[in-house]
Visitor: 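Provided herewith is a single structure, encoded as structure tokens, for subsequent inquiry.
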Amino acid sequence: MSTLEDVQGLYEAYQDQARALERASKPWERLFGLVGGPQSHPCHEQFIQSLEQTLRAAADRPLPAVEAAALLDYIYFPAPDRRRSQDSSCWMRVAVHGLTLDLIPLLRPEDARALRGRYQGDYPRRSRLPVQEKVLDALKRRGENL
């Protein structure tokens, strides 16, 4: 099984768990923010730990540049069904972008430039988290490294 397939499996399992949490919660709990944060269910922390372990192993291997680009594309640019999802996992899926920083040096400069352009378009400056700025900086550095 490839690293991309491993990561896809982690995302699918996490998405299923997050949806189940949403279905099990009461509407007024979500409305007032009483549940749903990373601390409310172990699936959030398990997802982060599993993803971090998988990405670290890929970076240590090291992963070929083409595979690294495909993996980052999957993590950064969710499919429409994942993108529309507004469950408790939404912000966590963005926060884990920081776990990809060790993979960016594996990219070809042209792939880093392409990912950076898409990233800037998909994540407007006004709504970016600090971790997303770090990703953009790393992509910029790698894209300039000819």
Visitor: Which residues pass the side-chain hydrogen bond (donor to acceptor under 3.5 Å, both in side chains) test with D6, sequence neighbours left out?
Guide: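 D6 satisfies side-chain hydrogen bond (donor to acceptor under 3.5 Å, both in side chains) with no residue once adjacent residues are dropped.
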Visitor: So, do Y11 and V96 sit near enough that their side-chain heavy atoms are less than 4.5 Å apart?
Guide: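 SC-SC contact between Y11 and V96 confirmed.
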Visitor: Let me confirm one number: the OH-CG distance from Y119 to L72, rounded to the nearest 0.5 Å.
Guide: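 One finds 10.0 Å between OH of Y119 and CG of L72.
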Visitor: Taking all non-hydrogen atoms of both residues, which atom of V135 and which atom of H97 are closest, and how far apart?
Guide: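 That would be CG2-O, 3.6 Å.
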Visitor: For side chain to side chain donor-acceptor pair (under 3.5 Å), just list the numbers for Q120 and R125, CA-CA rounded to whole Å, side-chain angles, deciding distance to a tenth of an Å, and then say yes or no.
Guide: CA-CA 7 Å; Q120 286 176 314; R125 174 172 277 178; over 6 Å; no
Visitor: Work out which heavy atom in A112 is nearest to a heavy atom in G143; give both atom names and the distance.
Guide: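 Smallest interatomic distance, heavy atoms only, reads CB-N, 3.7 Å.
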Visitor: Excluding sequence neighbours, so at least two apart, what forms side-chain hydrogen bond (donor to acceptor under 3.5 Å, both in side chains) with Q49?
Guide: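 Checked Q49 against side-chain hydrogen bond (donor to acceptor under 3.5 Å, both in side chains); matches are E45.
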Visitor: I need the full list of ring pair (Phe, Tyr, Trp, His ring centres under 6.0 Å) pairs touching residues 50-72, with sequence neighbours left out, sorted by first then second residue.
Guide: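 Pairs touching residues 50-72 that pass the test: none.
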Visitor: For a quick test of reading the model, state the closest non-hydrogen atom pair linking D111 to A65 and the distance between them.
Guide: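 Looking at all heavy atoms of both residues, the closest pair is OD2-O, 4.4 Å.
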Visitor: Within the structure provided, determine whether L55 and L71 are in side-chain contact (heavy-atom separation under 4.5 Å).
Guide: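 They are in contact (side-chain heavy atoms under 4.5 Å apart), so the answer is yes.
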Visitor: Any non-hydrogen side-chain atom of Q17 less than 4.5 Å from a side-chain atom of F47?
Guide: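 With C-beta onward as the side chain, the pair stays apart.
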Visitor: Looking at residues at least two apart in the chain, or sitting in another chain, which of them share a side-chain contact (heavy atoms from CB on, under 4.5 Å) with A68?
Guide: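 Applying side-chain contact (heavy atoms from CB on, under 4.5 Å) to A68 gives L63, L106, L107.
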Visitor: Does NZ or CZ of R118 come closer than 6.0 Å to the centre of the six-membered ring of F77, within 45° of the ring's axis?
Guide: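 Here R118 passes the 6.0 Å and 45° test against F77.
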Visitor: Measure across T54 and V7 and return the closest heavy-atom pair with its distance rounded to 0.1 Å.
Guide: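 Heavy atoms only, the tightest pair is CG2-CG2, 3.9 Å.
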Visitor: Kindly compute the distance separating CD (Q46) from OH (Y14), expressed to the nearest 0.5 Å.
Guide: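 Those atoms lie 10.5 Å apart.
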Visitor: Sort and list the pairs that fulfil salt bridge (Lys or Arg N to Asp or Glu O under 4.0 Å) and have at least one residue in residues 52-67, not counting sequence neighbours.
Guide: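 The answer is E52-R56.
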Visitor: To the nearest 0.5 Å, what is the distance between CG (L51) and CD1 (I75)?
Guide: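 CD1 of I75 is found 5.5 Å from CG of L51.
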Visitor: Looking at residues at least two apart in the chain, or sitting in another chain, which of them share a side-chain contact (heavy atoms from CB on, under 4.5 Å) with A138?
Guide: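 With sequence neighbours excluded, A138 shows a side-chain contact (heavy atoms from CB on, under 4.5 Å) to L101, I104, R141, given in chain and number order.
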Visitor: P124: which residues meet the side-chain contact (heavy atoms from CB on, under 4.5 Å) condition with it, sequence neighbours left out?
Guide: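 If we apply the side-chain contact (heavy atoms from CB on, under 4.5 Å) test to P124, skipping adjacent residues, the hits are R126, S127.
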Visitor: Determine whether T100 and Y76 satisfy the following criterion, side chain to side chain donor-acceptor pair (under 3.5 Å), listing intermediate values before the conclusion.
Guide: CA-CA 9 Å; T100 66; Y76 296 158; 2.7 Å; yes
Visitor: Would you please name every residue forming a side-chain contact (heavy atoms from CB on, under 4.5 Å) with S2, sequence neighbours left out?
Guide: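 So S2 forms a side-chain contact (heavy atoms from CB on, under 4.5 Å) with L4, E5.
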Visitor: Determine whether E144 and P109 make a side-chain contact, defined as any pair of heavy atoms from C-beta on separated by less than 4.5 Å.
Guide: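 Not touching, per the 4.5 Å side-chain cut-off.
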Visitor: Could I get the full list of side-chain hydrogen bond (donor to acceptor under 3.5 Å, both in side chains) partners for R128, not counting sequence neighbours?
Guide: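 R128: side-chain hydrogen bond (donor to acceptor under 3.5 Å, both in side chains) contacts with E133.
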Visitor: So, Y123 side chain and L129 main chain: donor-acceptor pair closer than 3.5 Å or not?
Guide: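 Not at all, since once roles are kept as given, no pair shorter than 3.5 Å links the two residues.
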